[in-house]
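Inspection log for the structure reproduced underneath, given as structure tokens.
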Number of protein chains: 2
Amino acid sequence: MPMRILIVEDNQALSENIYFYLSKEGYSCKQAFNYEQAIDELISTPFEIMVLDIMLPDGNGLDLLKKWKEEKPETGVLIISAKNSLDDKLTGLDWGADDYLTKPFHLPELNARVKAIYRRRNFNGNNMVEFNEITINPDNVEVFVNDNLLSLTRKEYELLLYFLVNKNRVLTKQSIAEHLWGEQIDLYDSFDFVYQHIKNLRKKLTQAGGKDYITTVYGIGYKFNTRIS
Amino acid sequence: MPMRILIVEDNQALSENIYFYLSKEGYSCKQAFNYEQAIDELISTPFEIMVLDIMLPDGNGLDLLKKWKEEKPETGVLIISAKNSLDDKLTGLDWGADDYLTKPFHLPELNARVKAIYRRRNFNGNNMVEFNEITINPDNVEVFVNDNLLSLTRKEYELLLYFLVNKNRVLTKQSIAEHLWGEQIDLYDSFDFVYQHIKNLRKKLTQAGGKDYITTVYGIGYKFNTRIS
DNA sequence: TATTATTCTGAAGACAATTTGAAGATTCTT
DNA sequence: AAGAATCTTCAAATTGTCTTCAGAATAATA
């Protein structure tokens, strides 16, 4: 699933654990260690779900929750907080949090709740991503072109998903790189690897009988073009 | 046991609690938060048992009960409802509910009643889990491939059952580990043991004449693939 | 058309994940 | 407590995937 999770937690160790765990579960995670970073991240990238600690060094998580829910109510929010702060609990749920978890907790439970939130927000049945002859089923990590199953590598899969979610939008090589490799990519990299994966993806799609919707925008990047000639 | 339970309850928090608890008990649960969702779920997937709240935002649980019992009388139904609605109680049992529980209740009690319903209904029913040449009889803990009985170890058995209940869904090594070993597994484990059991299961299945439906999804996990080439 | 920047391609090596067998623990049975 | 079955650990071997590189092809610019 194209599920991005923002982890807002100032405790480094805990944050790392959550990050590690959810990443292994296949989510694409990012960390923010304080209020300000969280805002920055939220503005710059869309997230489906935010795991939010109430106590932050430079602000209250509930403020963040409230503000962000006004902005983007469709974001799922899972509050995590020290136990016994029952007031927070009430307030959090009042202000639009989807669920609440008291520390300490087991990561599998966190995962279960994240999944539950995701499921809840996704009620319109099967959450296929599709366009014309291409169909992606994120649950099964399967891609079909005209009903034949494609075997894509991980990068190819994520690349295609990224394109399909951003149809007709020009994606710079840089943003592609960031999306597929996280933030630790070097700005001055050659991006050769992007070329590679674009190439492989194009090949597999066309070989399976699909059109080549991926057009290159010279000097800028690529775009999944729904109106190709 | 391949027991699937549908939880029909509009209170999010309560639903989550039930979901979490029953899942931990080894049942495979799904949630529906209103009448309509419940119908959708019931139609799309078979359930052995339904935990049903009477008061739903968009309809009366008793209607649902009545309708569904006409359709599929073998489904076990446990009614949950606010206390003192004694009328409901009588009516519910009249209309075919198997048991009744008043809110608030303790989850272990819910679990006990679910178990009881299951036991009761199991006299007549063969609740086999099967796919093509593979048949699992959870009552006897027996697995057949093309009518020859397989002798699987406990882990192998549970692994296969887990796969068969989640056909075509990608299961991460992590979730497999959690499912077979409980939640206490170490995050930084190597998951070597998962590999082992996968290997053994594959071997036994193919040696017995079955196809190798278990495909590895590189970098993510495994999946029981019903559409192997 | 010549020049330059950008993209595409194939091959090779680096890297990462999975598979495997063997051996050591552990659990179960008697 | 002994023996058998099962589970787990470990260390190669194997396989799959990613990245790098160098040269070819293509597009933009003048």
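Letters go in sequence order (proteins before strands), and every chain restarts at 1.
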Does A/K167, at its NZ atom, have more than 12 non-hydrogen atoms belonging to other residues, nucleotides or ligands within less than 6.0 Å?
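Atom NZ in A/K167 is crowded, with more than 12 foreign heavy atoms closer than 6.0 Å.
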Residues, nucleotides or ligands: over 12 heavy atoms within 6.0 Å of B/K115 NZ:
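No.
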Considering only heavy atoms and no angle criterion, is a donor-acceptor pair shorter than 3.5 Å present between the side chain of B/Q196 and the base of C/dT19?
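No pair found.
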Aromatic ring proximity A/F163/A/Y213, centre distance under 6.0 Å
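Ring-ring flag for A/F163/A/Y213: false, centres at least 6.0 Å apart.
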For DNA chain C, the residues among residues 210-222 of chain B that have a non-hydrogen atom under 4.0 Å from it:
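Heavy-atom contacts with DNA chain C come from B/T216, B/Y218, B/G219, B/Y222.
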[X] [atom1] to [N] [atom2]: how many Å, rounded?
X	N	atom1	atom2	answer
A/F193	C/dG13	CZ	C1'	17 Å
B/F191	D/dC7	CZ	P	18 Å
A/I198	C/dC8	CD1	P	8 Å
A/H197	C/dT9	NE2	C1'	14 Å
A/K203	C/dT9	NZ	C1'	9 Å
A/K199	D/dT20	NZ	P	15 Å
B/K155	D/dT9	NZ	P	12 Å
B/E158	D/dT6	CD	P	14 Å

Nearest heavy atoms of B/V145 and B/L150, plus distance in Å:
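Heavy atoms only, the tightest pair is CG2-CD2, 4.0 Å.
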How close do B/R202 and B/I214 get, heavy atom to heavy atom, and via which atoms?
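Closest pair (atom of B/R202, atom of B/I214, distance): NH2-O, 3.0 Å.
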Is a side-chain donor or acceptor of B/N166 paired with a backbone partner of B/L171 at a separation under 3.5 angstrom?
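Looks like no, no N/O pair under 3.5 Å.
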Indicate whether OP1 or OP2 belonging to [N] is found under 4.0 Å from a side-chain N or O atom of [X].
X	N	answer
B/R202	C/dT19	yes
A/W181	D/dC18	no
A/T153	D/dC18	yes

Which of parallel (below 30°), tilted (30 to 60°) and perpendicular (above 60°) describes B/H179 and B/Y162?
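B/H179 and B/Y162: parallel rings.
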Proximal nucleotide (of C/dA17, D/dC7, D/dC18) relative to the B/Y195 side chain
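Taking heavy atoms from C-beta onward, the closest nucleotide is C/dA17.
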